[in-house]
K.L.:
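Quick one: this structure, given as structure tokens, is what I'll be asking you about.
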Amino acid sequence: KGLLFHIATVLVFNRLNIVDANVHTLGDKVFDVFKVLSSGRKPIELGEYYFVQKQIKEDLLRIFIKKESLTQIYKGRNLPDRPEAGKYKEVKLKHKIIGRAIKLESHDILGTFMMMTKVFSELGLEIQRAVLHTHQGTASNVFYFNPRDMEQILEKKEKLIEKIQDALGQLLKAEPIFLEETAAVI
């Protein structure tokens, strides 16, 4: 549960911004390709690359092998500074449902993908495929679900969009964001 949320969280807490991705999941299996930049939107410095790579491997090992929670791993840490925080007054979220997919477009802020996948994870929705793209300050994310989960999304679309807007709204505030283990129902 929450496979993509966990991976996105590891990347964000290691100060990496996902700018492009193509992700396929099936149960507990995942094939993913992420294009990342530093949280300052610059390529990762060679001197930092091996440290970041080692830290990400350690964090993923703790989550998926040792079964530690994100709260345990990142206790006392908050999201890195988000230069975009305070730049926008409110969340601008566009959504469109296309077959078994939901397309979400919003401001491209560090942690956007993490917060979207957190909402889906909390609601017990399994993302089978995700395609992410960022361009000129906009994050365009397409999430594909199985028919059962898509039916749940369609039934309670307004509540889902409201939860996503609330989650993204946290990113607009200059205050630190801490991880909490929660479960929600729509």
Side-chain angles (χ1 to χ4, degrees), residues 1-13 17-32 34 63-64 67 69-71 74 78-79 82 84-85 87-135 137-173 175-186:
K1 182 181 164 206
L3 185 66
L4 289 181
F5 166 59
H6 286 84
I7 293 169
T9 301
V10 168
L11 294 174
V12 170
F13 272 81
N17 192 33
I18 303 167
V19 294
D20 241 342
N22 200 341
V23 181
H24 301 269
T25 64
L26 183 58
D28 63 348
K29 309 277 189 281
V30 66
F31 172 77
D32 52 13
F34 290 99
I63 292 166
F64 296 114
K67 304 294 185 198
S69 72
L70 292 170
T71 307
Y74 298 115
N78 56 29
L79 278 180
R82 297 169 312 283
E84 304 89 353
K87 180 178 175 182
Y88 305 108
K89 291 184 178 21
E90 61 185 44
V91 173
K92 183 178 176 181
L93 179 67
K94 293 180 186 178
H95 65 281
K96 184 175 183 176
I97 294 179
I98 310 159
R100 293 185 320 130
I102 183 167
K103 180 179 183 178
L104 300 170
E105 289 185 347
S106 183
H107 302 295
D108 181 22
I109 301 170
L110 180 67
T112 297
F113 181 69
M114 177 189 76
M115 295 306 258
M116 287 178 179
T117 57
K118 180 179 187 219
V119 171
F120 294 135
S121 175
E122 288 174 346
L123 297 173
L125 302 171
E126 181 184 340
I127 300 166
Q128 292 185 327
R129 183 171 182 239
V131 180
L132 293 74
H133 182 71
T134 61
H135 184 68
T138 300
S140 178
N141 303 324
V142 182
F143 298 95
Y144 296 83
F145 297 91
N146 65 42
R148 179 183 42 83
D149 287 346
M150 199 64 213
E151 193 174 302
Q152 185 179 350
I153 289 169
L154 290 170
E155 287 175 8
K156 301 186 179 175
K157 181 174 73 172
E158 289 77 22
K159 282 188 177 184
L160 173 69
I161 297 304
E162 184 180 310
K163 286 185 177 298
I164 292 170
Q165 282 184 305
D166 290 345
L168 294 176
Q170 294 175 39
L171 298 173
L172 298 181
K173 300 173 187 166
E175 301 126 35
I177 295 177
F178 297 94
L179 286 178
E180 301 169 14
E181 296 288 332
T182 59
V185 177
I186 57 171

K.L.:
With heavy-atom distances below 4.5 Å as the criterion, would you say the side chains of F5 and E122 are in contact?
P.N.:
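Contact flag for F5/E122 side chains = no.
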
K.L.:
CG/L171 to OG/S106 distance, rounded to the nearest 0.5 angstrom?
P.N.:
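Here the interatomic distance stands at 8.5 Å.
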
K.L.:
So, using salt bridge (charged side-chain N to carboxylate O under 4.0 Å, His left out) as the criterion, who are the partners of K92 when residues are at least two apart?
P.N.:
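Applying salt bridge (charged side-chain N to carboxylate O under 4.0 Å, His left out) to K92 gives none.
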
K.L.:
Do Q128 and D149 have side-chain heavy atoms sitting under 4.5 Å apart?
P.N.:
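Not touching, per the 4.5 Å side-chain cut-off.
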
K.L.:
Is there a side-chain contact between L160 and L123 (heavy atoms, below 4.5 Å)?
P.N.:
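With C-beta onward as the side chain, the pair touches.
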
K.L.:
What's the separation between atom CD1 in I164 and atom CG in L104, rounded to the nearest 0.5 Å?
P.N.:
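So the CD1 of I164 and the CG of L104 are separated by 5.0 Å.
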
K.L.:
Any idea which heavy atoms bring D20 and L132 closest together, and the distance?
P.N.:
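Between these two residues, the closest heavy atoms are OD1-O, 2.8 Å.
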
K.L.:
Of all the heavy-atom pairs spanning N146 and R100, show the shortest one and how long it is.
P.N.:
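It is CA-NH1, 3.6 Å.
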
K.L.:
Would you call F143 and V23 a side-chain contact if the rule is heavy atoms closer than 4.5 Å?
P.N.:
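The answer is no, as the side chains (C-beta and beyond) never meet within the 4.5 Å cut-off.
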
K.L.:
Using the side-chain contact (heavy atoms from CB on, under 4.5 Å) rule, pick out the option among L11, T112, I7 that qualifies with I18.
P.N.:
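Exactly one pass, corresponding to L11.
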
K.L.:
Kindly give the heavy-atom pair with the smallest separation between Q165 and V91, and that separation in Å.
P.N.:
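Q165 and V91 have their closest heavy atoms at O-CG2, 3.5 Å.
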
K.L.:
Donor-acceptor pair, S121 side chain versus T117 backbone, under 3.5 Å?
P.N.:
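No, S121 side chain to T117 backbone: no donor-acceptor pair under 3.5 Å.
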
K.L.:
Taking the side chain as every heavy atom from C-beta outward, state whether N141 and V131 have any pair of such atoms under 4.5 Å apart.
P.N.:
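In short, these two side chains do not touch, never coming nearer than 4.5 Å.
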
K.L.:
Taking atom CD of E90 as the centre, does the number of heavy atoms from other residues, nucleotides or ligands within less than 6.0 Å exceed 12?
P.N.:
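No - once you tally the heavy atoms of other residues, nucleotides and ligands closer than 6.0 Å, there are 12 at most.
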
K.L.:
List the residues meeting side-chain contact (heavy atoms from CB on, under 4.5 Å) with E162, not counting sequence neighbours, and say none if there are none.
P.N.:
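Once residues adjacent in sequence are excluded, the partners of E162 under the side-chain contact (heavy atoms from CB on, under 4.5 Å) criterion are D166.
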
K.L.:
Does any part of the side chain of T138, heavy atoms only, come nearer than 4.5 Å to the side chain of H107, both counted from C-beta?
P.N.:
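Heavy-atom side-chain distance check fails, nothing below 4.5 Å.
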
K.L.:
Kindly write out the residues that satisfy salt bridge (charged side-chain N to carboxylate O under 4.0 Å, His left out) with E151, not counting sequence neighbours, or none if the list is empty.
P.N.:
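Expected list: none.
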
K.L.:
Ignoring hydrogens, what is the shortest heavy-atom contact between M114 and T9? Give both atom names and the distance.
P.N.:
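Reported closest heavy-atom pair: CG-OG1, 3.3 Å.
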
K.L.:
Which pairs count as ring-ring contact (aromatic ring centres under 6.0 Å, His included) when at least one residue sits in residues 144-172, sequence neighbours excluded?
P.N.:
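Found F120-F145.
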
K.L.:
Can you tell me how far the CZ atom of F113 sits from the CG atom of L168, to the nearest 0.5 Å?
P.N.:
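That separation rounds to 12.5 Å.
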
K.L.:
Would a 4.5 Å heavy-atom cut-off, applied to side chains only, mark L3 and F64 as touching?
P.N.:
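Touching, per the 4.5 Å side-chain cut-off.
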
K.L.:
Can we say K103 and E105 salt-bridge, meaning some charged N sits less than 4.0 Å from an Asp/Glu carboxylate O?
P.N.:
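Salt bridge between K103 and E105, a charged N being under 4.0 Å from a carboxylate O: yes.
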
K.L.:
Could you tell me which residues satisfy ring-ring contact (aromatic ring centres under 6.0 Å, His included) with H133, sequence neighbours excluded, listed by chain and number?
P.N.:
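ring-ring contact (aromatic ring centres under 6.0 Å, His included) list for H133, sorted by chain: empty.
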
K.L.:
For L4 versus A130, what's the shortest heavy-atom pair and its separation?
P.N.:
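Smallest heavy-atom distance, with atoms named: CD1-CB, 4.1 Å.
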
